[in-house]
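In what follows, a structure is listed as structure tokens, so that the remarks can point back to it.
By convention in this document, chain letters (A, B, ...) are assigned in the order of the sequence lines, proteins followed by strands, and residues within each chain are numbered from 1.
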Number of protein chains: 4
Amino acid sequence: MDALSRRLTDFAAARRWQPFHTPKNLAAALSVEAGELLEIFQWLTPEQADAVMEDPGSAHRVRDEVADVLAYLLQFCTSVGVDPLAALSEKIDRNELRFPRPS
Amino acid sequence: MDALSRRLTDFAAARRWQPFHTPKNLAAALSVEAGELLEIFQWLTPEQADAVMEDPGSAHRVRDEVADVLAYLLQFCTSVGVDPLAALSEKIDRNELRFPRPS
Amino acid sequence: MDALSRRLTDFAAARRWQPFHTPKNLAAALSVEAGELLEIFQWLTPEQADAVMEDPGSAHRVRDEVADVLAYLLQFCTSVGVDPLAALSEKIDRNELRFPRPS
Amino acid sequence: MDALSRRLTDFAAARRWQPFHTPKNLAAALSVEAGELLEIFQWLTPEQADAVMEDPGSAHRVRDEVADVLAYLLQFCTSVGVDPLAALSEKIDRNELRFPRPS
């Protein structure tokens, strides 16, 4: 994931996009892309949604939107100096205390 | 990241949450959490947004929402069988052709 | 609806909130509130979602989030000088041409 | 606004779209469209965002997305039986108590 973050940083720097990549703009872009992923599913029944990867066109769209969401999440994290894997690991630790494993 | 995906899968399985973790529901939850991350920034000027990590309360909130976004993204990917790192790597390859590096 | 737009404008002016109510911030806030409305439904089956107004707590939450979405939509429209009813009327006109009524 | 709600209901009924217009789907669609409105602003500086209506192309896009957001908000309200104007009026009443007018 670090290698992908570096590729994204280099990509944006080579095209002089850094002035646009502020934390606020990247948080907005992340939310917009998450909406585009949801758009694929908005009119589907639960059964149709579960079969979304069986159609090559939909499968490509899903992979494309997943990539966009992850790209903006990583670029957001770079912009604010957050390690997303460490943040998630700590959150799971907290959730294990908050929602105890049923016996 | 694979280890975190497995922890999330085990966490949900132990609490019998899998029936809720359909692709459609997880795409909705991802979008909702991306909105919660954006909420932190919505009234900030660009300058205030750039300084968001200097306040310990805001910094904790940012890390917490990043964790939630990544958690739902990974769980979504598990539910549809997509490898998010491969999807992003392929997308960057495509974007390098689409937006040529200026000379 | 004009009367509500005026109440919202007066409310914000009396509290000196206008500097925050830029088109970009209001578009972000609208998206955040739409996410909060979706959050109510994210884990519900279609059947549970259809019955959401039968629970007084959920019904209050739905009305509250509808109000927030409409409030930010109206304030956004004030900030950019768009008449939302005229915009929707024109859009329905266009859609009637785009998706002809089946005979 | 009631007349627009009725046009939307007739439009959907004539095209047999009602089975898709569940509260959960409409809440998702509302959130997706709010994201599309935000997309127009995501890379703009506050100054550029304030001037968005001066460009005819952007102005048309803004009006189009406002129409989509309002259309799904009204259809959502129809699906759950909520009067959006009454909901907003009550919310402003509550906010006037919660955030007292400064003297």
Side-chain angles (χ1 to χ4, degrees), chain C residues 1 3-4 7-8 11 14-16 22-25 27-28 30-35 37-38 40-42 44-46 48-50 52-53 59 62-74 76-77 79-92 94-96 99 101-102, chain D residues 1 3-4 7-8 11 14-16 22-25 27-28 30-35 37-38 40-42 44-46 48-50 52-53 59 62-74 76-77 79-92 94-96 99 101-102:
Chain C
M1 208 157 84
L4 287 169
R7 279 187 76 188
L8 290 166
F11 189 92
R15 284 150 193 83
R16 315 227 164 138
T22 64
K24 182 167 178 162
N25 288 358
L30 173 60
S31 172
V32 167
E33 294 299 332
L37 182 61
L38 178 58
I40 302 171
F41 294 94
Q42 65 187 350
L44 302 186
T45 62
Q48 291 169 328
D50 290 343
V52 75
M53 302 305 285
V62 166
R63 272 193 295 267
D64 199 55
E65 298 299 348
V66 162
D68 285 339
V69 170
L70 182 57
Y72 285 124
L73 179 63
L74 294 181
F76 173 82
C77 286
S79 80
V80 292
V82 165
D83 176 338
L85 298 182
L88 177 52
S89 179
E90 290 158 21
K91 174 91 188 213
I92 300 175
R94 289 198 300 276
N95 276 348
E96 283 173 341
F99 303 101
R101 183 176 284 258
Chain D
M1 208 156 84
L4 286 169
R7 279 186 77 188
L8 291 166
F11 188 93
R15 284 151 192 82
R16 314 228 163 138
T22 64
K24 182 167 178 163
N25 288 358
L30 172 62
S31 171
V32 167
E33 295 300 333
L37 182 62
L38 178 58
I40 302 171
F41 295 93
Q42 64 188 349
L44 303 186
T45 62
Q48 292 169 328
D50 290 343
V52 75
M53 302 306 283
V62 166
R63 272 193 294 268
D64 200 55
E65 298 299 349
V66 161
D68 285 339
V69 169
L70 182 56
Y72 286 124
L73 179 62
L74 294 181
F76 173 82
C77 286
S79 81
V80 294
V82 164
D83 176 338
L85 298 182
L88 177 52
S89 179
E90 290 158 20
K91 174 91 188 213
I92 300 175
R94 288 198 301 275
N95 276 349
E96 283 173 341
F99 302 100
R101 184 176 283 258

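Note on C:Arg63, C:Arg101, C:Arg7: by heavy-atom pairs under 4.5 Å with chain D, the leading option is C:Arg7. Contact count versus chain D (heavy atoms, under 4.5 Å) is highest, among C:Val82, C:Leu74, C:Leu70, for C:Leu70. Here C:Ala14 is the residue among C:Cys77, C:Ala28, C:Ala14 with the most heavy-atom pairs under 4.5 Å with chain D. Contact count against chain C (heavy-atom pairs under 4.5 Å) is highest for D:Met53 among D:Glu33, D:Glu65, D:Met53, D:Glu90.
Both the backbone and the side chain of C:Val80 come within less than 4.5 Å of a heavy atom of chain D. In this structure, the portion of C:Phe76 lying under 4.5 Å from any heavy atom of chain D is its side chain and not its backbone. Residue C:Ile40: no heavy atom, backbone or side chain, is found under 4.5 Å from chain D. Both the backbone and the side chain of C:Pro84 come within less than 4.5 Å of a heavy atom in chain D. For C:Leu85, the parts lying under 4.5 angstrom from a heavy atom of chain D are both the backbone and the side chain. Heavy atoms of C:Asp83 lying under 4.5 Å from chain D are absent altogether.
Relative to the ring axis of C:Phe11, C:Arg15 places its NZ or CZ within 45° and under 6.0 Å from the centre.
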- Output, in order, the C-alpha distance, side-chain angles, deciding distance and verdict of side chain to side chain contact (heavy atoms under 4.5 Å, CB included) for C:Ile92 and D:Leu8. CA-CA 8 Å; C:Ile92 300 175; D:Leu8 291 166; 3.8 Å; yes
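A search for side-chain hydrogen bond (donor to acceptor under 3.5 Å, both in side chains) contacts involving C:Gln48 returns C:Thr45, not counting sequence neighbours. Applying the side-chain hydrogen bond (donor to acceptor under 3.5 Å, both in side chains) criterion to C:Asp64, with sequence neighbours excluded, gives D:Lys91, D:Arg94.
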